[in-house]
Amino acid sequence: MTDTPSEFKIKEPPSDGITATKFGPTSSQFLLVSSWDTTVRLYDIIANNQRMIYNHSDPVLDCCFQDSVHSFSGGVDNTLKMYDFNTQSETIVGTHDKPIRCVEYGGDVNVVVTGSWDSTVKLWDPRTPCCAGSFTQPDKVYTLSVAGDRLIVGTAGRRVLVWDLRNMGYVQQRKESSLKYQTRCIRCFPNKQGYVLSSVEGRVAVEYLDPSPEVQKKKYAFKCHRIKENGVESIYPVNAIAFHNQYNTFATGGSDGYVNIWDGFNKKRLCQFHKYPTSISSLAFSNDGSVLAIASSYMFEKGQLDETPEDEIFIRNVSDQETKPKS
């Protein structure tokens, strides 16, 4: 696939499955990437080079920026690390009993949140850094998302829990996913009104946090990432969701190798990009919404292949035409 004016590949991508791509909080220049190759890498996408790299002892399943000079990451070594880009030094912040699946930073409440396969969510104070509390979830944590002071957690068994980060004494809402199959990804609307949830069975649900019946009437689900060939429909997991901060539109990436952009409020698909080499494992919009990072990384949906496609990260400059709701 040749580079187009609107899209190019990052040089020196990870050598094994890409688990997360995250842009810096204020600029669209720096991209943080975690991988099964045990690394966390910082890329400068304007210069298209790798600026920094640090390691865990095992595959890294998620990472996030705290601010422009600190990152957090966790994975199969059960360990949460903080990295300081200025001093190039790492700090072991703490551990879970099992692999850390999710790492998010909640800027409004200045807390790092980790979700683990040990069925807990832990909060970490980045100033010290130390653990500020451990909270039992009903099952393994698969995905979580922070919106303001709300925390949405998706676990095994298709459960969804809504927590208040300022008062973790009780669960605000307990729900069962409206999708029949395993939850793959949850991301909150930037306007904090709701969240989008995807499943392994080619479906996406748009949910609202306000429990009032009028608002709950607006929730819906739709099919996507399905390909019909010769009358046979193949259904693919929807692995990744990323929101455009300005427009509240969102991108989904599936194991079909496609990226779609949706206007969730008006129930419309705005566009679909070309097919990528393999499964889309992660997506991230830059803070200003001008750039979308797309990780194309085989996720072993069909087991071991004779030839596994290379892990690649595409950087796409997106236009308003692709991301802005049609009025």
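Numbers here simply count residues along the sequence, with the first being 1.
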query = Should Phe273 and Phe250 be counted in the same cluster of Ile, Leu, Val, Met, Phe, Trp and Tyr side chains packed under 4.5 Å apart?
reply =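 No, no single cluster joins them.
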message = Strictly distance-based, threshold 3.5 Å: is any side-chain N or O of Asn239 a donor or acceptor partner for the main-chain N or O of Ile280?
response =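 Indeed, once roles are kept as given, a pair shorter than 3.5 Å links the two residues.
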task = State, without any angle test, whether Ser15 and Asp37 hold a side-chain donor-acceptor pair at a distance under 3.5 Å.
result = yes
key: Flag for Thr39-Asn55: side-chain donor and acceptor within less than 3.5 Å   =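 The criterion, which ignores hydrogens and geometry beyond distance, is not satisfied for Thr39 and Asn55.
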Please find the pair of heavy atoms, one from [X] and one from [Y], that lie closest to each other, and give the distance.
X: Arg187; Y: Leu144; result: NH1-O, 3.3 Å
X: Leu31; Y: Ile315; result: CD2-CD1, 4.0 Å
X: Ile235; Y: Gly202; result: CG2-N, 3.8 Å

query = With a cut-off of under 6.0 Å to the ring centre and 45° to the axis, is Lys81 in cation-pi contact with Tyr54?
reply = no
ask   = Within 45 degrees of the axis of the six-membered ring of Tyr208 and under 6.0 Å from its centre: does Lys218 put its NZ or CZ there?
value = yes
query = Heavy-atom count around Tyr181 OH within 6.0 Å, excluding the residue itself: above 12?
reply =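 No - once you tally the heavy atoms of other residues, nucleotides and ligands closer than 6.0 Å, there are 12 at most.
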ask   = Heavy-atom count around Glu233 CD within 6.0 Å, excluding the residue itself: above 12?
value =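 Atom CD in Glu233 is crowded, with more than 12 foreign heavy atoms closer than 6.0 Å.
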query = Quick one: are Leu161 and Ile152 in side-chain contact, heavy atoms under 4.5 Å?
reply = no
query = Aromatic rings His244 and Phe285: how do their planes relate, parallel, tilted or perpendicular, breaks at 30° and 60°?
reply = perpendicular
